[in-house]
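On a predicted model such as this, the values are computed, not experimentally measured, just so you know.
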Amino acid sequence: MQLPESADEGHILPPSYIGRLPGIIGEVTYEMQVEVYRKGWRAHETIVVPFLYLPRTAPSHPPIRHQFPEWGDWKLREYLEVDWETFQLSKGHGTMVEFSLPRPLSYKAQAQIPFVCSIGSVSFFDPDTVSQHLKVTLHKVTSLRSLGRTEVATLTLAQGDVLHTKIDKEAGKTKIFGMITGGRREGEMAWKVASSIEVKYIVRIFFTSLDSGSGASIGDCYHEEVISLTTHSWDELNDGMIREHPALGLRTV
(Lines give C-alpha, C1' and ligand atoms only; values in the text may rest on other atoms or scores of the structure.)
Protein backbone atom coordinates (compact mmCIF):
# COMPACT_ATOMS: atom_id res chain seq x y z
CA MET A 1 0.00 0.00 0.00
CA GLN A 2 1.38 3.36 -1.03
CA LEU A 3 0.68 6.22 1.37
CA PRO A 4 0.20 9.69 -0.10
CA GLU A 5 3.16 12.07 0.28
CA SER A 6 1.08 15.10 1.24
CA ALA A 7 -2.13 15.99 3.00
CA ASP A 8 -4.21 19.15 2.81
CA GLU A 9 -2.85 22.29 1.14
CA GLY A 10 0.29 20.46 0.05
CA HIS A 11 1.62 19.89 3.58
CA ILE A 12 3.47 16.65 4.22
CA LEU A 13 1.47 13.79 5.64
CA PRO A 14 1.68 14.43 9.42
CA PRO A 15 2.88 11.89 12.00
CA SER A 16 0.55 10.14 14.39
CA TYR A 17 -0.16 12.61 17.17
CA ILE A 18 -2.29 13.29 20.21
CA GLY A 19 -2.00 16.45 22.26
CA ARG A 20 -4.00 18.22 24.91
CA LEU A 21 -3.94 21.91 25.76
CA PRO A 22 -6.45 23.76 27.96
CA GLY A 23 -9.88 23.18 26.42
CA ILE A 24 -8.56 21.69 23.15
CA ILE A 25 -7.55 18.18 22.09
CA GLY A 26 -5.71 17.57 18.84
CA GLU A 27 -5.29 14.13 17.34
CA VAL A 28 -3.95 12.62 14.11
CA THR A 29 -4.73 8.93 13.66
CA TYR A 30 -4.30 6.40 10.88
CA GLU A 31 -6.33 3.29 10.22
CA MET A 32 -6.22 0.58 7.57
CA GLN A 33 -9.55 -0.90 6.55
CA VAL A 34 -9.50 -4.47 5.26
CA GLU A 35 -12.54 -5.97 3.52
CA VAL A 36 -12.73 -9.74 3.83
CA TYR A 37 -15.05 -11.35 1.26
CA ARG A 38 -16.23 -14.90 1.87
CA LYS A 39 -17.83 -17.35 -0.50
CA GLY A 40 -21.13 -18.96 0.11
CA TRP A 41 -23.50 -17.97 2.88
CA ARG A 42 -20.83 -16.63 5.22
CA ALA A 43 -21.03 -12.90 5.84
CA HIS A 44 -18.40 -10.50 4.58
CA GLU A 45 -16.21 -8.95 7.27
CA THR A 46 -14.60 -5.54 7.67
CA ILE A 47 -11.48 -5.27 9.82
CA VAL A 48 -10.08 -1.88 10.91
CA VAL A 49 -6.44 -1.88 11.96
CA PRO A 50 -5.06 1.28 13.61
CA PHE A 51 -1.36 2.00 13.02
CA LEU A 52 1.21 4.60 13.98
CA TYR A 53 2.97 6.64 11.31
CA LEU A 54 6.20 8.68 11.38
CA PRO A 55 7.36 10.17 8.06
CA ARG A 56 11.04 10.35 7.27
CA THR A 57 11.99 13.93 6.46
CA ALA A 58 15.14 15.74 5.39
CA PRO A 59 16.15 19.26 4.31
CA SER A 60 15.07 20.07 0.76
CA HIS A 61 18.59 21.13 -0.22
CA PRO A 62 22.04 19.86 0.76
CA PRO A 63 24.19 21.94 3.10
CA ILE A 64 26.95 23.99 1.51
CA ARG A 65 29.44 21.78 3.28
CA HIS A 66 28.84 18.44 4.90
CA GLN A 67 30.71 18.71 8.19
CA PHE A 68 30.63 21.44 10.76
CA PRO A 69 33.90 22.83 12.14
CA GLU A 70 36.11 20.75 14.38
CA TRP A 71 35.86 22.99 17.39
CA GLY A 72 39.08 21.73 18.97
CA ASP A 73 41.24 22.83 16.04
CA TRP A 74 39.56 26.20 15.47
CA LYS A 75 40.35 26.42 11.79
CA LEU A 76 38.25 29.49 11.31
CA ARG A 77 38.63 29.26 7.54
CA GLU A 78 36.04 26.48 7.70
CA TYR A 79 33.42 29.06 8.60
CA LEU A 80 33.99 30.73 5.26
CA GLU A 81 32.71 27.57 3.58
CA VAL A 82 29.29 27.87 5.20
CA ASP A 83 26.51 29.75 3.41
CA TRP A 84 25.15 31.87 6.26
CA GLU A 85 21.67 33.31 6.75
CA THR A 86 22.23 36.54 8.70
CA PHE A 87 19.70 38.45 10.78
CA GLN A 88 20.19 41.93 12.18
CA LEU A 89 19.41 42.12 15.89
CA SER A 90 20.05 45.81 16.46
CA LYS A 91 21.72 48.87 15.04
CA GLY A 92 22.60 52.08 16.81
CA HIS A 93 24.84 53.68 19.44
CA GLY A 94 27.84 53.02 17.20
CA THR A 95 27.19 49.27 17.04
CA MET A 96 25.42 46.67 14.90
CA VAL A 97 24.62 43.17 16.17
CA GLU A 98 24.06 40.33 13.70
CA PHE A 99 23.30 36.64 14.17
CA SER A 100 23.94 33.93 11.57
CA LEU A 101 22.80 30.34 10.99
CA PRO A 102 23.77 27.97 8.15
CA ARG A 103 21.56 27.77 5.07
CA PRO A 104 19.14 26.18 4.51
CA LEU A 105 17.43 26.75 7.86
CA SER A 106 16.62 23.05 8.11
CA TYR A 107 18.60 20.64 10.28
CA LYS A 108 18.54 17.05 11.41
CA ALA A 109 17.28 16.68 14.99
CA GLN A 110 20.17 16.31 17.45
CA ALA A 111 22.66 17.52 14.85
CA GLN A 112 25.09 20.24 15.89
CA ILE A 113 23.93 23.60 14.54
CA PRO A 114 26.70 26.21 14.52
CA PHE A 115 25.96 29.91 14.93
CA VAL A 116 27.92 33.15 14.81
CA CYS A 117 27.05 36.41 16.54
CA SER A 118 28.92 39.41 15.13
CA ILE A 119 29.18 42.82 16.80
CA GLY A 120 30.36 45.61 14.54
CA SER A 121 31.52 48.62 16.49
CA VAL A 122 33.75 51.67 16.45
CA SER A 123 35.54 50.03 19.38
CA PHE A 124 35.99 46.35 20.20
CA PHE A 125 34.31 44.61 23.11
CA ASP A 126 36.19 42.34 25.46
CA PRO A 127 35.67 38.81 24.03
CA ASP A 128 35.45 37.14 27.45
CA THR A 129 32.80 39.59 28.61
CA VAL A 130 30.68 39.85 25.47
CA SER A 131 29.95 36.10 25.31
CA GLN A 132 28.29 36.25 28.74
CA HIS A 133 25.63 38.58 27.34
CA LEU A 134 24.47 36.19 24.57
CA LYS A 135 21.84 33.51 25.10
CA VAL A 136 20.62 31.21 22.33
CA THR A 137 17.79 28.71 22.89
CA LEU A 138 15.87 26.21 20.74
CA HIS A 139 12.14 25.69 21.27
CA LYS A 140 9.38 23.43 20.00
CA VAL A 141 6.10 25.32 19.60
CA THR A 142 2.81 23.41 19.29
CA SER A 143 -0.41 25.24 18.38
CA LEU A 144 -3.92 23.78 18.57
CA ARG A 145 -6.86 25.70 17.09
CA SER A 146 -10.58 25.03 17.47
CA LEU A 147 -13.73 27.14 17.17
CA GLY A 148 -11.79 30.39 16.94
CA ARG A 149 -9.56 29.59 19.92
CA THR A 150 -5.83 29.00 19.79
CA GLU A 151 -3.74 27.43 22.52
CA VAL A 152 0.06 27.35 22.31
CA ALA A 153 2.58 25.24 24.23
CA THR A 154 6.32 25.96 24.10
CA LEU A 155 8.92 23.39 25.08
CA THR A 156 12.58 24.36 25.46
CA LEU A 157 14.74 21.74 23.74
CA ALA A 158 18.23 23.15 24.19
CA GLN A 159 20.43 26.09 25.11
CA GLY A 160 23.36 27.04 22.92
CA ASP A 161 26.97 26.85 24.05
CA VAL A 162 29.49 29.61 23.32
CA LEU A 163 32.67 27.87 22.25
CA HIS A 164 34.96 30.65 21.08
CA THR A 165 35.21 34.42 20.76
CA LYS A 166 37.46 36.34 18.41
CA ILE A 167 38.24 39.93 17.52
CA ASP A 168 38.28 40.31 13.74
CA LYS A 169 40.20 43.58 13.33
CA GLU A 170 40.05 43.45 9.54
CA ALA A 171 36.24 43.30 9.56
CA GLY A 172 35.95 45.56 12.61
CA LYS A 173 33.88 43.02 14.50
CA THR A 174 33.85 41.00 17.69
CA LYS A 175 32.63 37.49 16.83
CA ILE A 176 31.07 34.83 19.04
CA PHE A 177 31.09 31.25 17.75
CA GLY A 178 28.79 28.66 19.25
CA MET A 179 26.75 25.51 18.78
CA ILE A 180 23.25 24.36 19.69
CA THR A 181 21.93 20.80 19.61
CA GLY A 182 18.39 19.74 20.37
CA GLY A 183 15.44 17.48 19.77
CA ARG A 184 14.93 13.72 19.85
CA ARG A 185 16.92 11.76 17.31
CA GLU A 186 14.64 10.74 14.42
CA GLY A 187 11.73 12.06 16.48
CA GLU A 188 11.37 15.70 15.46
CA MET A 189 9.79 17.27 12.40
CA ALA A 190 7.90 20.44 11.59
CA TRP A 191 4.38 19.77 10.31
CA LYS A 192 0.94 21.30 9.97
CA VAL A 193 -2.66 20.22 9.47
CA ALA A 194 -4.61 23.00 7.79
CA SER A 195 -5.50 25.55 10.47
CA SER A 196 -5.97 23.01 13.29
CA ILE A 197 -2.55 21.75 14.43
CA GLU A 198 0.94 23.10 13.86
CA VAL A 199 4.34 22.05 15.20
CA LYS A 200 7.28 24.35 14.50
CA TYR A 201 10.74 25.09 15.87
CA ILE A 202 12.15 28.46 16.85
CA VAL A 203 15.65 29.68 17.67
CA ARG A 204 15.51 32.58 20.12
CA ILE A 205 18.44 34.97 20.51
CA PHE A 206 18.81 37.26 23.51
CA PHE A 207 21.59 39.79 23.90
CA THR A 208 21.58 41.84 27.10
CA SER A 209 22.85 45.41 27.22
CA LEU A 210 26.61 45.95 27.23
CA ASP A 211 28.99 48.92 27.29
CA SER A 212 32.44 48.67 25.74
CA GLY A 213 33.80 51.30 28.10
CA SER A 214 35.08 53.37 25.18
CA GLY A 215 31.99 54.96 23.73
CA ALA A 216 30.16 52.01 22.14
CA SER A 217 27.15 50.34 23.75
CA ILE A 218 24.56 47.70 22.97
CA GLY A 219 20.98 47.80 24.18
CA ASP A 220 18.90 44.72 24.90
CA CYS A 221 18.35 42.71 21.70
CA TYR A 222 15.85 39.96 20.94
CA HIS A 223 15.14 37.99 17.80
CA GLU A 224 13.45 34.71 17.00
CA GLU A 225 13.78 32.73 13.80
CA VAL A 226 11.66 29.80 12.64
CA ILE A 227 13.74 26.81 11.54
CA SER A 228 12.86 23.28 10.53
CA LEU A 229 13.99 20.09 12.26
CA THR A 230 13.93 16.83 10.30
CA THR A 231 14.26 13.15 11.18
CA HIS A 232 17.28 12.67 8.88
CA SER A 233 19.94 14.66 7.07
CA TRP A 234 19.90 15.42 3.36
CA ASP A 235 22.79 13.00 2.83
CA GLU A 236 21.02 10.11 4.57
CA LEU A 237 17.89 10.30 2.43
CA ASN A 238 19.61 11.07 -0.87
CA ASP A 239 22.64 8.76 -0.67
CA GLY A 240 20.68 5.59 0.03
CA MET A 241 21.88 5.36 3.62
CA ILE A 242 18.36 4.59 4.90
CA ARG A 243 15.19 3.09 3.49
CA GLU A 244 12.86 5.47 1.71
CA HIS A 245 9.79 4.06 3.45
CA PRO A 246 8.38 5.76 6.57
CA ALA A 247 8.34 4.15 9.99
CA LEU A 248 5.14 2.24 10.65
CA GLY A 249 3.98 0.39 13.72
CA LEU A 250 0.75 -1.30 14.73
CA ARG A 251 -1.08 0.41 17.54
CA THR A 252 -2.40 -1.60 20.44
CA VAL A 253 -6.20 -1.63 20.43
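- Looking at Phe99 and Val97, their side chains never come closer than 4.5 Å, going by heavy atoms from C-beta outward.
- In this structure, the side chains of Val203 and Phe87 stay at 4.5 Å or more apart for every pair of heavy atoms.
- By the 30° and 60° cut-offs, the orientation of the rings of Phe207 relative to His133 is parallel.
- Atom-to-atom distance recorded for Thr29:OG1 and Ile18:CD1 is 9.0 Å, nearest 0.5 angstrom.
- In the model, Glu31 has no side-chain atom that pairs as donor or acceptor with a side-chain atom of Gln33 under 3.5 Å.
- Looking only at distances, no side-chain donor or acceptor of Ser209 sits under 3.5 Å from a matching main-chain atom of Asp220.
- Paired with Arg204 under the rule side chain to side chain donor-acceptor pair (under 3.5 Å), one option of His223, Glu224, Glu225 passes, and it is Glu224.
- Phe51 and Ser16 get closest at one heavy-atom pair: O-OG, 3.9 Å.
- Grouping the Ile, Leu, Val, Met, Phe, Trp and Tyr side chains by contacts below 4.5 angstrom, directly or via other members, places Val34 with Tyr53.
- The shortest distance between side-chain heavy atoms of Leu157 and Tyr201 falls below 4.5 Å.
- Note: Leu101 CG to Ile205 CD1 = 6.5 Å, rounded to the nearest 0.5 Å.
- The two residues Ala190 and Ser228 have their closest heavy-atom pair at CB-OG, 4.0 Å.
- The two residues Lys173 and Gly120 have their closest heavy-atom pair at CG-CA, 3.9 Å.
- In terms of modelled atom types and a separation under 3.5 Å, the side chain of Thr137 and the main chain of Gln159 share no donor-acceptor contact.
- Under the 4.5 Å side-chain criterion, counting only non-hydrogen atoms from C-beta, Ser146 is not in contact with Ser196.
- Inter-residue side-chain proximity for Leu138 and Ile227 is flagged as met; some heavy-atom pair is nearer than 4.5 Å.
- Closest heavy-atom contact between Met179 and Phe115: N-CE2, 3.2 Å.
- Looking at Tyr107, its side chain does come within 3.5 Å of a backbone N or O of Pro102 through a donor-acceptor pair.
- Interatomic distance, CD1 of Ile202 versus OG1 of Thr156, reported as 11.0 Å (0.5 Å rounding).
- Nearest heavy atom pair, residue Glu98 against residue Met96, reads OE2-CE, 3.5 Å.
- Between the OG1 atom in Thr181 and the CD1 atom in Ile113 there is a gap of 7.0 Å [rounded to 0.5 Å].
- The residues Glu151 and Arg149 are annotated as salt-bridged, a charged nitrogen and a carboxylate oxygen being separated by less than 4.0 angstrom.
- We find the OG-CZ distance between Ser100 and Phe177 to be 10.0 Å, quoted to the nearest 0.5 Å.
- Panel note: side chain Thr165, backbone Ile176; no donor-acceptor pair is recorded below 3.5 Å.
- Of all non-hydrogen atoms in Cys117 and Leu134, the two that sit nearest each other are CB-CD2, 3.8 Å.
- Note: Lys166 NZ to Ser131 OG = 15.5 Å, rounded to the nearest 0.5 Å.
- Side-chain heavy atoms closer than 4.5 Å link hydrophobic residues (I, L, V, M, F, W, Y) into clusters, and following such links, possibly through other members, connects Tyr30 to Met189.
- Following chains of ILVMFWY side-chain contacts shorter than 4.5 Å, one cannot reach Val199 starting from Ile25, and the two form parts of different hydrophobic clusters.
- Tyr17 and Met32 fall within a single hydrophobic cluster, where Ile, Leu, Val, Met, Phe, Trp and Tyr are joined by side-chain heavy atoms under 4.5 Å apart, directly or via other members.
- No single ILVMFWY cluster, assembled from side-chain heavy atoms under 4.5 Å apart, contains both Val28 and Val141.
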